[in-house]
Structures are given as structure tokens and as C-alpha cells.
Amino acid sequence: MPHNESLKDYQRVRLLAIRSLFEIIEQSSEGTVIVDRDANIVWMNERYARRFGLESAAQALGRACESVIPGSLLREVVRSGRPILLDMQDTPKEPLVVMRLPIHDDAGAVIGAIGFALFDELRSLSPMLKRYMSMQEELASTRSLLRARQAKYTFAHFIGTSAASLEVKRRARRGASADSPVLLLGETGTGKELLAQAIHGASPRAHKAFVSINSAAIPENLLEAEFFGTAPGAFTGADRKGRTGKLQIAQGGTLFLDEIGDMPLPLQSKLLRVLQEKEFEPLGSNEVIHSDVRVIAATSTDLQAAIGRGEFRADLYYRLNVLPIQVPPLRERLDDLPALSEAILEELRSQHELDRDALALLGRHAWPGNIRELRNVLERAALLSDDLLLGAPAIAAAIGTLSPLQPSPAPATTVLEGETFSAARQRFERQLIEATLAQCGGKVSEAAQRLGLGRSTLYKKMLALGIAESH
Ligand SMILES: Nc1ncnc2c1ncn2[C@@H]1O[C@H](COP(=O)(O)OP(=O)(O)OP(=O)(O)O)[C@@H](O)[C@H]1O
Ligand SMILES: [Mg+2]
């Protein structure tokens with residue numbers, strides 16, 4: 001029979017091809033393993049055994065496949081009777097491309113499975129493999145970024161059962177299920193950021209990023225780049241490579257616009273466009289990016305007054321004011337003091353408790369720094385007192401050290417002739433802030449704590465007063 005004649009008989013060709021296929025795969029295989037119908041190893045080549053840390057293949061015989069090859073799917077192949085033609089298998093060295101096939105007896109019943117590890121094929125697959133690896137890396141880093149960007153507060157963290165607190169929580173919960181903007185209004189330290197995170201966490205966007213941007217903490221000239229990002233090559237220096245803006249990082253998730261009252265007017269216009277058109281352009285690029293973010297804004301300043309002064313756009317205000325939530329100051333929800341104090345002491349892992357006089361004293365303080373200030377007072381009182389039952393004197397001492405605005409023996413304030421009220425106030429604020437910063441070694445967050453102010457509020461004041469941050 002001439003050569004090509006022998007290729008005309010399909011049944012015969014099929015058998016030849018099967019043999020070739022098997023031989024080629026077996027020869028180029030880095031490893032071969034065969035299991036029985038219980039997925040116990042009945043045969044393994046020496047090379048493959050060594051890859052998994054065995055001295056010889058004999059040590060693998062009779063063992064469950066997964067106990068030798070972690071993550072092996074041969075049991076699945078035996079169970080389902082379906083092959084897994086191409087897959088990746090992790091090994092102690094590099095990952096391998098593997099093929100897993102069921103083995104049938106003459107009657108067609110599955111009696112086991114065979115697995116090939118195609119190491120040599122891997123080299124030819126190397127461009128694909130590189131992509132796979134880089135995608136894996138990207139995935140891992142995105143996952144960890146996302147974890148870092150996920151909200152750490154839930155509604156359960158917002159302590160308070162006073163009528164005012166319950167109303168805040170009710171509105172915030174309602175806000176979570178909507179996708180429209182939420183506007184959180186309230187003094188410093190009242191829990192606006194906590195609520196923003198809780199709303200995100202209870203919203204359908206919870207599995208995506210929660211990204212915050214603080215208009216008061218970032219110098220005005222950097223804010224737009226921070227917001228929209230920059231295109232590669234658009235700028236010299238550090239930004240040459242381009243930078244991803246917060247708006248893009250928040251895609252699919254929630255963008256928290258903290259201290260929105262301090263947003264410069266030009267950026268307000270651009271933000272309005274984002275809210276209306278749902279698109280934006282990174283600085284220095286012509287590319288228009290579709291934006292899908294849910295906006296939660298917060299402010300401790302009076303936006304209506306800012307509109308009156310021409311510092312805040314009225315149209316932006318109406319856009320943001322879809323679901324306003326007024327977060328009450330602590331002095332208007334004194335009923336919450338016992339529960340708040342208990343929760344804070346617990347969170348501080350302190351064993352301390354407050355006696356009745358201490359609680360009564362807490363109820364008489366004005367709490368300009370609200371819950372943040374309460375936290376600082378309790379932390380300080382617990383730190384200073386060996387007695388686990390904190391009394392009024394301990395609280396008084398802690399409040400005293402924390403409120404330089406009303407020091408116990410108040411030093412006389414200098415009165416300069418002809419000085420206006422606002423000039424005097426500025427002078428006092430400057431002295432106070434500079435002195436506190438000096439006491440805290442220039443650390444803004446620590447100074448903010450001592451003053452019972454939010455870090456961003458202090459930054460804002462420093463900017464306004466021209467006090468430089470020392471490094
Ligand atoms: N209802 C509450 N229950 C428990 N802890 C709270 C509550 N409200 C605020 N806190 C705590 O007080 C601190 C300040 O809260 P948060 O940062 O949310 O305030 P804020 O309103 O954003 O203040 P600022 O305007 O200064 O930025 C945080 O440590 C927060 O966990
Ligand atoms: Mg805040």
C-alpha cells in the first residue's frame with residue numbers, strides 16, 4: 001500500500017493520530033500522573049514527583065492526588081468524566097500548563113484520569129504566560145488597594161439612640177439605597193466621615209472603592225490634578241508619567257468630597273460638569289472619560305452663607321443638596337453621652353468606667369470639637385487615672401488640658417487699641433495655633449487633636465492665616 005493510501009482509512013488514521021498525540025504529549029510533558037477512580041495516584045513519572053518534593057515516584061503511589069499535587073483537579077475529572085484541556089497548575093517552582101483527561105474502560109465507565117504537565121509548551125506559551133502573570137499581579141494589587149479603600153465604618157459604629165441620632169441614621173440608611181448625592185452638614189467631629197463610609201458600605205457600590213478627597217487639606221493648585229488626574233507627558237517633573245485622579249480611582253464606587261465648602265470656584269464648575277454630564281478629562285489630555293461615581297459631600301461651613309458671599313456656586317449646591325443630612329452637634333444630643341462614652345472607652349480597650357458625677361460633668365461641657373473631642377477627653381482621662389472609676393475631677397483635668405480656649409487660670413488677653421474684632425480674633429487664632437503646633441513638634445494632626453479641631457479644619461485655618469506647615 002502506498003504511503004498516502006494508508007491515510008485514506010479514517011479509522012486507521014484515527015488510531016495512528018491517537019498514538020502520535022499521546023506520544024508527543026507524553027514526551028514533551030514535564031510530568032505525567034495517573035489516578036484511579038478514587039483519585040489515588042497509581043502512577044507518576046520521576047520528574048514530576050521530584051517537582052513536588054518527593055525523592056521518588058514510589059512515595060506517591062496510593063496517595064490522594066491532592067496530597068501530592070496541591071490544588072490538583074484530577075478528582076474533579078474523575079467525578080465529572082469531563083476533561084480539562086488547558087489549565088494552569090501552581091507548583092513549588094513555576095506554574096505549569098496542564099491537561100487533564102478522564103480514562104474510560106471499554107464499557108465507557110470512568111476508571112481514572114491522567115494529567116499531563118506541559119512544561120515545554122509553556123515556553124512557547126510564554127507571551128501568554130507573561131500576560132497571565134502580569135494580570136495576576138495587577139489583580140492582586142487592585143484587590144489590596146480596594147481592601148485599603150474599603151470603608152471601615154458601618155452604621156453600627158454610629159452610636160446614639162437620642163431622637164436626633166435616630167433621625168440621622170434613618171436618613172443615612174435611606175441614602176444608602178439611593179444613588180443620588182448626599183450632603184452631610186455638621187460641625188467638626190460630629191461623624192460626617194463615619195456616616196459617609198457607612199452609607200457607602202450599605203450601598204450597592206460597597207464592593208467598589210470609597211475614595212475621599214479633602215478640599216481643605218490639599219493646596220489649591222494641586223487639587224485639580226488630584227481630582228482629575230494628569231495625562232502622561234502633559235507635565236514635566238514628577239507628573240511626567242501621568243497620575244490617576246481620585247475621580248477615576250473611585251470609578252464604580254463612591255467619591256467622598258470632604259470640606260466641599262472649601263472647594264475653589266473653578267473646580268466647582270468642573271465638578272458640576274462631572275455631575276451633570278457624567279464625564280471628565282484628565283488634565284492635559286483630550287480623552288473624555290465616562291465617570292460612574294456616587295458623590296457624598298460633607299462640610300462644616302455654612303454653604304448658604306458661602307453662596308451669599310459668592311464663594312460657592314448655587315447650582316452646584318442644588319445638585320449636591322438632593323439628600324441633605326444635618327448631623328447634630330454633641331451638645332444637642334447629650335442623651336447619647338453615656339452610650340458614646342462607653343463605646344469609646346471600649347474601643348480604646350480601656351477598663352475605665354465613669355461615675356455619675358463624671359457623666360454629669362460631661363453633660364455640662366460645650367463640646368466644640370464634638371465626638372472627636374469627647375474621645376480625646378476620655379482617652380486622656382483614662383491615661384492619667386490609675387483609678388478605674390473615673391470621677392468628675394479626672395474628667396475636669398482632662399477637659400482642662402484639652403481646651404486651651406478656656407484654660408483654668410485664663411491669662412489676660414492683650415487688647416490693642418484700634419484693633420478690629422476680626423483682626424484681634426485672627427491674631428489670637430494665629431498665636432494659639434502656632435503655640436499648639438510648637439508644643440506638638442509641628443505635627444498638625446496632633447495639634448488638631450489638642451485643639452479639638454478636625455485635621456482639615458486646622459489645615460484650612462493655617463492656610464487662611466498663612467501659617468506654614470513645618471517639616
Ligand atoms: N455617633 C458616633 N458614634 C461613635 N463615634 C463617633 C460618632 N460620631 C463620630 N464619631 C467618632 O468621632 C471621630 C470624628 O468623626 P468624623 O471624622 O466622622 O467627624 P467629621 O464630622 O468628619 O469631622 P471633621 O468635620 O472635623 O472632619 C471619629 O473617630 C469617629 O469615629
Ligand atoms: Mg471629616
Side-chain angles (χ1 to χ4, degrees), residues 185-190 192 214-223 258-268 298-314 317 329-332 364-374 376-377 380 396-471:
L185 304 158
E187 292 177 12
T188 182
T190 45
K192 297 185 294 297
N214 185 324
S215 293
I218 300 169
E220 197 171 322
N221 56 333
L222 300 181
L223 201 54
D258 207 358
E259 304 295 343
I260 185 110
D262 290 279
M263 185 175 275
L265 277 168
L267 187 54
Q268 288 179 30
T299 183
S300 50
T301 60
D302 181 349
L303 286 183
Q304 310 252 20
I307 294 173
R309 290 192 305 270
E311 290 168 7
F312 202 83
R313 293 184 61 126
Y317 174 72
L330 184 50
R331 64 183 169 280
E332 286 174 17
R364 286 197 298 275
H365 185 59
W367 300 113
N370 291 295
I371 312 209
R372 185 182 291 111
E373 187 188 1
L374 174 65
N376 293 342
V377 166
R380 194 150 188 101
I399 292 179
T401 50
L402 273 163
S403 300
L405 278 166
Q406 299 131 23
S408 333
T413 316
T414 330
V415 178
L416 301 179
E417 237 193 66
E419 193 176 32
T420 62
F421 178 82
S422 87
R425 200 178 104 173
Q426 277 196 16
R427 183 166 56 83
F428 175 73
E429 286 191 358
R430 179 193 310 281
Q431 281 174 5
L432 175 63
I433 292 173
E434 282 177 346
T436 313
L437 276 170
Q439 282 168 14
C440 301
K443 289 195 206 84
V444 179
S445 44
E446 207 176 304
Q449 258 202 13
R450 278 209 201 182
L451 292 168
L453 289 175
R455 199 176 63 101
S456 51
T457 313
L458 180 55
Y459 264 118
K460 195 165 61 187
K461 286 195 182 295
M462 286 168 63
L463 273 172
L465 294 166
I467 301 172
E469 190 182 347
S470 57
H471 294 282

J.: State, yes or no, whether a side-chain contact exists between Thr190 and Leu330 at a heavy-atom distance under 4.5 Å.
T.: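 Thr190 does not reach Leu330 side chain to side chain.
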J.: Is it true that a side-chain atom of Ser300 and a backbone atom of Thr188 form a donor plus acceptor pair closer than 3.5 Å?
T.: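 No; zero donor-acceptor contacts below 3.5 Å.
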J.: Should the heavy atoms of other residues, nucleotides or ligands under 6.0 Å from NZ of Lys461 be counted, would the total exceed 12?
T.: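 Open: at most 12 neighbouring heavy atoms sit under 6.0 Å from NZ of Lys461.
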J.: Could you tell me whether the side chain of Glu332 reaches within less than 4.5 Å of the side chain of Glu187, counting heavy atoms only?
T.: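 No, every pair of side-chain atoms sits at 4.5 Å or beyond.
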J.: Can you measure from NZ (Lys443) to CD (Gln449) and round to the nearest 0.5 angstrom?
T.: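 Going from NZ on Lys443 over to CD on Gln449, the span is 11.5 Å.
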J.: Do Glu259 and Thr457 have side chains that get closer than 4.5 Å, going by heavy atoms?
T.: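 Counting from C-beta outward, Glu259 and Thr457 do come under 4.5 Å.
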J.: For Leu265 and Gln268, run side chain to side chain contact (heavy atoms under 4.5 Å, CB included): C-alpha distance rounded to whole Å, both residues' side-chain angles, the deciding distance at 0.1 Å, then the answer.
T.: CA-CA 5 Å; Leu265 277 168; Gln268 288 179 30; 3.5 Å; yes
J.: Take atom CZ of Arg425 as the centre, draw a 6.0 Å sphere, and report whether it contains more than 12 heavy atoms from other residues, nucleotides or ligands.
T.: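 At most 12 heavy atoms, drawn from other residues, nucleotides or ligands, come within 6.0 Å of this atom.
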J.: Can you find a pair of side-chain heavy atoms, one from Thr301 and one from Lys460, that are under 4.5 Å apart?
T.: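 SC-SC contact between Thr301 and Lys460 confirmed.
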J.: Please check: side-chain N/O of Arg430 versus main-chain N/O of Leu465, any donor-acceptor pairing under 3.5 Å?
T.: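 Pair found, side chain donor or acceptor close to backbone of Leu465.
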J.: For the residue pair Glu429 and Leu432, establish whether any side-chain heavy-atom pair is separated by less than 4.5 Å.
T.: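 SC-SC contact between Glu429 and Leu432 ruled out.
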J.: State whether the side chain of Asn214 and the backbone N or O of Ala216 hold a donor-acceptor pair below 3.5 Å, judged by distance alone.
T.: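 A pair under 3.5 Å: yes.
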